[in-house]
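A, B, ... follow the sequence lines: proteins, then strands. Residue 1 opens every chain.
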Amino acid sequence: MHQPYSPQTIEIAAQLHWDAAQTFRAEDQSTKPNYYCLSMFPYPSGKLHMGHVRNYTIGDVLSRYHRMKGFNVLQPMGWDAFGLPAENAAMANQVPPAAWTYSNIDYMKQQLKRLGLGVDWSREVTTCKPDYYRWEQWLFTRLFAKGVIYKKTSKVNWDPIDNTVLANEQVIDGRGWRSGALVEKRDIPMYFFRITHYADELLQGLDHLPGWPEQVKTMQANWIGKSEGVRFAFEIPSAVLASLPAPAATNQSEDTDPASSKQLWVYTTRADTIMGVTFVAIAAEHPLATRAAQNSSQLFDFIEECKQGGVAEADIATLEKKGMDSGLRVIHPLTGALVPVWVGNYVLMSYGDGAVMAVPAHDERDFAFAQKYNLPIQQSIALEGHAFNARVWQDWYASKEGVCIHSGKYNGLNYVQAVDAIAADLAAKNLGEKKVQFRLRDWGISRQRYWGCPIPIIHCPHCGDVPVPDAQLPVLLPENVVPDGAGSPLAKMPAFYECTCPNCGGAAKRETDTMDTFVESSWYYARYASPQCATGMVDPAAAHNWLPVDQYIGGIEHAILHLLYARFFHKLMRDEGVFGERPIPLAGATAKNADEPFKNLLTQGMVVAPTFFREEANGKKRWLNPADVVVEMDAKARPLGATLKSDGLPVTIGGTEKMSKSKNNGVDPQAIIDQYGADTARLFMMFAAPPEQQLEWSDAGVEGAFRFLRRVWNLAAEFENLSATSQAQALSADEQALRRDIHLALKQANFDFSRHQFNTVVSATMKMLNALEKAKASVQRAVLAEGVSILLRVLSPITPHLAQTLWQTHGFGADILAATWPEVDESALVQDEIDLMIQINGKLRGSIRVAKDADKTHIEQRALAQDVVQKQMAGAPAKKVIIVPGRLVNIVL
RNA sequence: GCCGGGAUGGCGGAAUCGGUAGACGCGCUGGACUCAAAAUCCAGUGUUCGGAAGGAUGUGGGGGUUCGAGUCCCCCUCCCGGCACCA
């Protein structure tokens, strides 16, 4: 009588075994090649969610697979521990964010361990601890000294009731989430990373990342948004200037201050359409708009209206396009005509000069705007075979294929010629030049929040902004604070902000803003190389040992921001000498791009689940958890309806959406582990969908995964000590067939591991089990033992506990992680005869069995002789016969 | 609005280079075992016409290229991710 499959028992035992042997400790010195496998670290929100389980299972599968392939694997784990949710929880429960965060970390760490992750916990990193963030502050002071960090004003969401800055997430339908107040835009001073200075390198570096998904590289390239165009000026007539009030002083430190200018600068990628300009549109925050508004209460009101609402670009871009004539007129640089200046709510101050030339005839947005406000539409590009109609927009209007028309001396020039000629003429007048422009903006990192890394700056009335000297680092964040939702607590704590100037020794005030939490997550991958390093962000030798990360795994939602910031930080650290003198080579890339943190990237899809709800009396939806609902099916398993378990009454079936608190469709991974064990949870995650696709939760699928593991267990339990079987004797046909099935499935599994398509790896192991079960009664033990040992090894990265236990009990070895990865025996795959499909005009009509090396003449004869073929041909000869070796014969009639 | 991605049976998904569509699993149907149920095992299962043999049809929709299209090209619809202060 054998033991039944009991995941809780064997999983705990296997975990204790690996713990005791310190199996997952990564060696800094090793004769094996290194493999650094990194999953995006979690925010300690309270407990693991399915997205974590999926992410970390993928990482663990890759780690264990590489370990068995002979690599010295580093798989670390840590905590992205600063952030907004801790402050919200603090306010709700009156617990300091630090205490809440640390207790969450304790709990989630236990959960991660219970999943059986092969993590080197000796390298755990927690970003809210001073030994981590002190190095972030250290880098800040260096970058500040170099001018890579600078200060300027920037727009934020302002809640006028709570008197506080809101995150975009906290603005709901234009209102503050707690106060319900209409949100406004407000300018506040902030520190910025000059990421735009690295724009070109960040763009070009993408070409040296063959291990990144194309879609991520495309998104980053578009985000950086390099464009080649012309920046030029409309002069403001002196009479107009004289009518305006003097420009207000600003503290803009970037570029030339447009306010002081007598010119209105714009940027365009379509200089060839310059003769079609019928107005200029400027942002509501443009200094010229501000000045004009002082003469016009109407304009003032319009600008005030534009200040309403938040700063999120998605909201601004979907607003109804509105504008107002500023009354100002500027001079067209080439025609000398007076052009009206409009203020438009769709013009972004943060891009280019905050002003655009408007060519309604050749820009769709300008066209709509011109129609709405009855502004002239002047064609300046013609495309052969197309007629222009100023009433209806057509896509060709924006084409670059045409030539200039109604454009004076530029008539007949194509796009390139016209841009060149126009840029030259503007340059000759000193009113413009060709310019490369980026969409990317500098990264503002100041946050008016408590639970973040303090910005290491001291404000001295005499010396200005002084970086905190090394000896005074870290600037410690006090941990026993409960925020109240109205501004930053640090700004109300004299004990924190009162200080002396490191320069002159006079009384000074410490900066009370903290850093964007993206800053911590931009360099943690490097810290894992030497997590306790007390002399810098990372020990240069450790950095060279482990960096770049061989495989990075995380959600697709991080495709742009986090991944771009981390790439940027890698270059900042390099330029600061953090990695030492030598560059870190990125294997397979050119020397120039020895500068990327992540060699390979896998972006995992989301975990989604069905939603259920009931409409309440007040019209609101009450979302019900899938675990509390039963879905009824008809005989063909089509859903008929759903009822709530507790009362048996019907509920409405909603869509399938990302697991979230708001839709109450989250499934707690802990419940799955408790009921079925970690192996089942891991197996289901890997089997239900390929890693990059969305994964749909299914209780029945989990059940199926468990059943499969129990079948593996039961099969193995029918035999004892399979490893002790003697050499195989001459093989029967059944045994050859079994070996072929096993090695065919192994070949598929090996290929699918290499391309990270784990769902079909699982499918291959299922085929192995099916083949073994079918053959077990009729084959020699040696052949069976070979099959079982292959099955266990292929399964072991995915369901490590089960594989380890059976590996041990059958005497294959003490630890399956030390086993060699199985190799395909090509000789087992060979077949003497193959089936060829017969097609007529591309339609399947039958098949023939031929020798594997049959020649084409023979195959053609055999195919044409088939009854089906003869019937279809009806005596007429075939027009053509196409033979695809090993696959099919297509007869064209 | 802009950028990126996706759509294949009742469901999750497979099809590696343009060459047998639906592997593998779930569900469902029938059977075996059982006093019965659960569990397990066996068989079947895209749709449709047909007693069967066999035929037609079928990868979101419309067009195209090709001997041959889930796969390539053009147009469209719907769904999802991101949009700089959620992480």
query = From the list B/C85, B/A15, B/G12, which nucleotide is the closest neighbour of the side chain of A/Phe687?
reply = B/G12

ask   = Can you tell which of B/A14, B/G81, B/G13 lies closest to the side chain of A/Ala689?
value = B/G13

inquiry  = Among residues at least two apart in sequence or on other chains, which ones pass salt bridge (charged side-chain N to carboxylate O under 4.0 Å, His left out) with A/Arg567?
reply    = A/Glu596

inquiry  = Can you tell me whether the base of B/C73 sits syn or anti, using the 90° cut around 0 to define syn?
reply    = anti

ask   = Touch check for A/Val165, heavy atoms < 4.0 angstrom, all strands: base, sugar-phosphate only, or nothing?
value = base

task = Compute both the distance and the angle, then confirm whether A/Lys322 meets the cation-pi test with A/Tyr346: under 6.0 Å from the six-membered ring centre, within 45 degrees of the axis.
result = no

message = When the C1' atoms of B/C75 and B/A23 are compared, how many Å lie between them, rounded to an integer?
response = 33 Å

ask   = From B/C67, B/C85, B/C26, pick the nucleotide closest to the side chain of A/Lys880?
value = B/C67

inquiry  = Holding to side chain to side chain donor-acceptor pair (under 3.5 Å), I want the full list of residues that pass it with A/Lys155, two or more places apart in sequence or in another chain.
reply    = A/Asp187

Under 3.5 Å, which donor-acceptor pairs do the side chains of residues 695-709 of chain A form with other protein atoms, sequence neighbours left out?
from     : atom 1 : to       : atom 2 : distance (Å)
A/Trp697 : NE1    : A/Asp699 : OD1    : 3.1
A/Ser698 : OG     : A/Ala700 : N      : 3.4
A/Ser698 : OG     : A/Gly701 : N      : 2.8
A/Glu703 : OE1    : A/Tyr676 : OH     : 2.8

message = Would you say A/Asn168 places a side-chain N or O within less than 4.0 Å of OP1 or OP2 belonging to B/A84?
response = yes

note = Closest to the side chain of A/Ile188, out of B/G13, B/A84, B/C85, is B/C85

query = By salt bridge (charged side-chain N to carboxylate O under 4.0 Å, His left out), which residues pair with A/Asp366, not counting sequence neighbours?
reply = none

Write out a two-atom table: protein N or O, nucleotide N or O from nucleotides 4-7 of chain B, distance below 3.5 Å.
from : atom 1 : to       : atom 2 : distance (Å)
B/G4 : O2'    : A/Gln215 : OE1    : 3.1

Would you list the atom pairs, donor with acceptor, under 3.5 Å between side chains in residues 46-54 of chain A and any protein atom, with sequence neighbours excluded?
from    : atom 1 : to       : atom 2 : distance (Å)
A/His49 : ND1    : A/Gly51  : N      : 3.0
A/His49 : ND1    : A/His52  : N      : 3.3
A/His49 : NE2    : A/His52  : NE2    : 3.4
A/His52 : ND1    : A/His49  : N      : 3.1
A/Arg54 : NH1    : A/Gly605 : O      : 2.8
A/Arg54 : NH1    : A/Met606 : O      : 3.4
A/Arg54 : NH1    : A/Gln693 : O      : 2.8
A/Arg54 : NH2    : A/Pro690 : O      : 3.0
A/Arg54 : NH2    : A/Pro691 : O      : 3.4
A/Arg54 : NH2    : A/Gln693 : O      : 2.8

Can you tabulate the close N/O pairs, meaning under 3.5 Å, that link protein atoms to atoms of nucleotides 40-42 of chain B?
from  : atom 1 : to       : atom 2 : distance (Å)
B/U40 : OP1    : A/Arg710 : NH2    : 3.0

message = For B/A7, give the paired nucleotide (Watson-Crick: N1-N3 plus N6-O4 or O6-N4; G-U: N1-O2 and O6-N3; both under 3.5 Å), or none.
response = B/U77

Using nucleotides 74-79 of chain B, report all nitrogen or oxygen pairs with the protein that are shorter than 3.5 Å.
none

ask   = Looking at A/Phe193 versus A/Tyr565, is the centre-to-centre ring distance below 6.0 Å?
value = no

Would you give me the side-chain donor-acceptor pairs under 3.5 Å for residues 834-842 of chain A, sequence neighbours excluded?
from     : atom 1 : to       : atom 2 : distance (Å)
A/Asp835 : OD1    : A/Arg849 : NE     : 3.0
A/Asp835 : OD2    : A/Arg849 : NH2    : 3.2
A/Asn841 : OD1    : A/Leu893 : N      : 3.0

Identify each atom pair where a protein N or O and an N or O of nucleotides 52-63 of chain B are less than 3.5 Å apart, giving names and distance.
from  : atom 1 : to       : atom 2 : distance (Å)
B/U57 : OP2    : A/Lys843 : NZ     : 3.3

ask   = Mind checking the P distance from B/A53 to B/A38? Whole angstroms is fine.
value = 33 Å

note = Taken in chain and number order and not counting sequence neighbours, the residues that satisfy salt bridge (charged side-chain N to carboxylate O under 4.0 Å, His left out) with A/Arg755 are A/Asp752

key: B/U59 and B/A69, which share atom name C1', separated by this distance in whole Å   = 11 Å

Distances under 3.5 Å between nitrogen or oxygen atoms of protein and nucleotides 17-20 of chain B:
from  : atom 1 : to       : atom 2 : distance (Å)
B/G19 : N2     : A/Gln839 : OE1    : 3.4
B/G19 : N2     : A/Asn890 : ND2    : 3.4

ask   = Among B/C85, B/U16, B/G1, which nucleotide sits nearest the side chain of A/Ala317?
value = B/G1

key: Check: A/Gln448 side chain, B/C85 base, donor-acceptor under 3.5 Å   = yes

